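Step one of this worksheet: look at the structure below.
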Amino acid sequence: MPTAASKFTAVIRRIPTGKVATYGQVATLAGLPKNARQVGTVLKSLPEDSGVPWHRVVNSQGHISERNSSTFEGLQRFLLEDEGVVFSESDRIDLNEHQWQPSRRAKH
DNA sequence: GTTATGACCCAAA
DNA sequence: GTTTGGGCCATAA
């Protein structure tokens, strides 16, 4: 059985360019609705070459989750803007407009 | 085996 | 709009 981390990454990989998903959404789609927090835990441990678009994952408020390093605090926003995501005045994303609305696919 | 930490969420005040 | 408190559980030490 796949680990929780691989389930999360599998979901995040499906996020299309120009869209974002919340941590809770990722957890729910992964089949683990209670593990929203673990998404962040896993993401911070992800290797660079994992191919996971971690920048497309934001919190419920549509705001970027800051980490300790100030180096990347603007990187996520930069990457998203480059993909066409627009930030509002309060540095927040209009979820109503940019949140990923996945199609119900019954496990293929 | 245990304890502490955390890129979270939600409801209530 | 803000603050407070509770819950949840993978990962690291």
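Note on naming: letters A, B, ... go to the chains in the order of the sequence lines (proteins, then strands), and numbering restarts at 1 for each one. None of the values given here were measured: they were computed from a predicted structure.
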(Q) Please report the distance, rounded to the nearest Å, between CG in Leu32(A) and P in dC8(B). (A) 18 Å
Review item, side-chain donor-acceptor pairs of residues 92-102 of chain A, under 3.5 Å, at least two apart:
unit_1	atom_1	unit_2	atom_2	d
Asp94(A)	OD1	Asn96(A)	N	3.1
His98(A)	NE2	Val86(A)	N	3.4
Gln99(A)	NE2	Gln25(A)	OE1	2.9

(Q) Quick one: does any side-chain atom of Glu83(A) pair with a main-chain N or O of Pro16(A) as donor and acceptor, under 3.5 Å? (A) no
Q. In residues 2-10 of chain A, which ones come under 4.0 Å of DNA chain C, going by heavy atoms?
A. Ala4(A), Ala5(A)
Q | Side chain to side chain, Arg56(A) and Thr17(A), heavy atoms closer than 4.5 Å | A | yes
Q) Can you list, by residue number, the residues of residues 78-87 of chain A that have a non-hydrogen atom closer than 4.0 angstrom to DNA chain C? A) none
(Q) So Arg92(A), base contact, sugar-phosphate only, or nothing? Heavy-atom distance under 4.0 Å. (A) sugar-phosphate
Q) With sequence neighbours excluded, what pairs up with Asp91(A) under the salt bridge (Lys or Arg N to Asp or Glu O under 4.0 Å) test? A) Arg77(A)
**Q.** Enclosure of Gln61(A) CD (heavy-atom neighbours >12, cutoff 6.0 Å)
**A.** no
Q: Would you mind telling me which of dA7(B), dA12(C), dA10(C) lies closest to the side-chain atoms of Asn35(A)?
A: dA10(C)
Q) What pair of heavy atoms forms the shortest contact from Val85(A) to Gly18(A), and how long is it? A) CG2-O, 3.6 Å
Q: With the side chain counted from C-beta on, respond yes when Ile15(A) and Val57(A) share a heavy-atom pair under 4.5 Å apart, and no when they do not.
A: yes
Q. So which pairs with a foot in residues 22-51 of chain A pass salt bridge (Lys or Arg N to Asp or Glu O under 4.0 Å), sequence neighbours left out?
A. none
Q: Mind calculating the distance between CZ (Arg56(A)) and C1' (dA7(B)) to the nearest angstrom?
A: 17 Å
Q) Taking OP1 and OP2 of dC8(C), is either one under 4.0 Å from a side-chain nitrogen or oxygen of Lys34(A)? A) no
(Q) Quick one, Val52(A) and Arg13(A) - any side-chain contact, counting heavy atoms below 4.5 Å? (A) yes
Q.
Any heavy-atom pair between the side chains of Leu80(A) and Phe87(A) that's under 4.5 Å?
A. yes
Q: Decide yes or no for Ile12(A) and Leu43(A): does some side-chain heavy atom of the first lie under 4.5 Å from some side-chain heavy atom of the second?
A: yes
Any N/O pairs under 3.5 Å between the protein and nucleotides 9-11 of chain B? List them or say none.
unit_1	atom_1	unit_2	atom_2	d
dC9(B)	OP1	Ser60(A)	N	3.2
dC9(B)	OP2	Ser60(A)	N	3.1
dC10(B)	OP2	Ser60(A)	OG	3.1

